[in-house]
Amino acid sequence: MRIDIVTIFPSFFDVLDLSLLGKARDAGILSVATHDLRNFTHDRHRTVDDTPYGGGAGMVMKPEPWGEALDHVLAGGESGLTASAAVLVIPTPVGEIFTQADAHELAAEQHLIFACGRYEGIDERVTDHYAARMRVRPISLGDYVLNGGEVAVMAMIEAIGRLVPGVIGNPDSLVEESHEDGLLEYPSYTKPASWRGLDVPPVLLSGNHAAIAAWRHEQQRVRTRDRRPELLAGLPGEAGGNRDTHP
Ligand code: 6GU
């Protein structure tokens, strides 16, 4: 998979070299390139933002540097890929909420381009222009506001990257995890069996695999009901998270 990131803070992404994903890069499974948006400006101050038409607080990112930067990435000078193969991801608090299902979808793509906006966002015409040329996904991490897209893109790349075949050594570890079956994961324990007066649930020491599986599934339901009841509403046979049916 090819990942291009356009940002005014390219060095923010240096830490990608240190992570699990760094190994995937070394193995040639993932190639990540950052592009400094300011390199696509032509004024002495390398201006990327301006005041909003219509007034209001904050600054808006100008369309021209974005157009030049994204055209450069799409021209494939560095990747040899064309726009039809690419998805443009625009991190924004007004996007659709990013889920594990989105991470799986995007992990199957050949080429992802992330456009990290700052300030109050990017001139809307950038989204409109590229949506006419390619697949564009405005995506939000959740209902809170970050100063810019960089932290969100880092989170998305980590969620997507670990699902790319070959990135995680043991793919079985991806199956039984939170959000894969619509439930939160069950609690985990390791040695010692007793720690500060707290014992590991005895069933986990029983060697009875059917009992362990049943206990874990029940724990998943209890946890999800207590912490994320809205997730249960979307599951078949879970009675919309009704506490009376699942005490
Ligand atoms: Cl993707 N971007 C920004 N700036 N704020 C956010 C977000 C994204 N997701 C949640 N808040």
Side-chain angles (χ1 to χ4, degrees), residues 1-16 19-21 30 32-38 40-41 46-67 69-70 73-74 86-109 111-131 133-164 178-179 184 227-228 230-231 234:
M1 173 186 283
R2 166 81 183 187
I3 294 178
D4 286 287
I5 305 163
V6 182
T7 170
I8 57 171
F9 299 117
S11 58
F12 181 91
F13 294 93
D14 288 353
V15 291
L16 281 176
S19 63
L20 178 73
L21 299 182
L30 268 181
V32 183
T34 56
H35 308 269
D36 188 341
L37 183 68
R38 292 194 198 277
F40 301 90
T41 59
R46 314 225 293 163
T47 310
V48 293
D49 63 329
D50 206 336
T51 54
Y53 275 124
M59 299 290 269
V60 177
M61 293 190 108
K62 296 163 62 62
E64 304 99 314
W66 277 108
L70 294 172
V73 168
L74 287 169
V87 177
L88 175 60
V89 177
I90 304 182
T92 167
V94 299
E96 293 177 356
I97 300 285
F98 185 65
T99 65
Q100 188 69 7
D102 296 307
H104 276 285
E105 258 179 61
L106 294 172
E109 295 289 343
H111 187 193
L112 302 179
I113 303 169
F114 292 93
C116 298
R118 281 260 140 188
Y119 317 111
E120 312 302 316
I122 304 171
D123 186 302
E124 193 67 19
R125 290 169 294 181
V126 174
T127 303
D128 297 342
H129 173 82
Y130 286 96
R133 289 173 58 182
M134 63 188 296
R135 292 173 292 161
V136 176
R137 302 275 311 265
I139 298 183
S140 167
L141 286 196
D143 293 332
Y144 44 83
V145 177
L146 305 170
N147 274 334
E150 283 79 8
V151 167
V153 165
M154 192 68 89
M156 288 187 241
I157 288 175
E158 185 146 323
I160 295 163
R162 61 195 291 284
L163 299 176
V164 173
S178 292
H179 303 297
L184 302 183
R227 299 180 181 175
R228 299 291 306 280
E230 80 282 7
L231 295 180

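One-based numbering along the sequence shown. Counting convention: from 1, in listed order, for ligands and their atoms alike. Just so we're clear, the structure is a prediction, and the values are computed from it rather than from any experiment.
Atom 3 (C) of ligand 1 has as its closest protein heavy atom Pro93 CD, 3.4 Å. Of the protein's non-hydrogen atoms, Leu146 O, 3.1 Å is the one closest to atom 4 (N) of ligand 1. Residue, atom and distance of the protein heavy atom nearest to atom 9 (N) of ligand 1 are Leu141 N, 2.8 Å.
At most 12 non-hydrogen atoms from other residues, nucleotides or ligands lie less than 6.0 angstrom from CD of Glu158. Within a 6.0 Å radius of CG in Asp14, more than 12 heavy atoms belonging to other residues, nucleotides or ligands are found. The neighbour count for Arg125 CZ, taken as heavy atoms of other residues, nucleotides or ligands under 6.0 Å away, does not exceed 12.
At least one side-chain heavy atom of Ile157 sits under 4.5 Å from a side-chain heavy atom of Phe114.
In this structure Asp36 satisfies the salt bridge (charged side-chain N to carboxylate O under 4.0 Å, His left out) test with no other residue, sequence neighbours excluded.
Those atoms of ligand 1 with a heavy atom of Gly142 less than 4.0 angstrom away are 9 (N), 10 (C), 11 (N). Taking every non-hydrogen atom of Ile139 and a distance limit under 4.0 Å, the qualifying atoms of ligand 1 come out as 1 (Cl).
Using a 4.0 Å cut-off between heavy atoms, Ala152 contacts ligand 1 through its side chain alone, with no backbone atom that close. Both the backbone and the side chain of Tyr144 come within 4.0 Å of ligand 1, counting heavy atoms alone. Contacts between Val153 and ligand 1, counted as non-hydrogen atom pairs separated by less than 4.0 Å, are absent for every part of the residue. Neither the backbone nor the side chain of Asp143 comes within contact range of ligand 1; no heavy atom lies under 4.0 Å.
Taken to the nearest 0.5 Å, the CD1 atom of Ile139 stands 10.0 Å off from the CD1 atom of Ile97.
Although no hydrogens or angles enter the test, the distance criterion places a donor-acceptor pair under 3.5 Å between the side chain of Ser140 and the main chain of Gly142.
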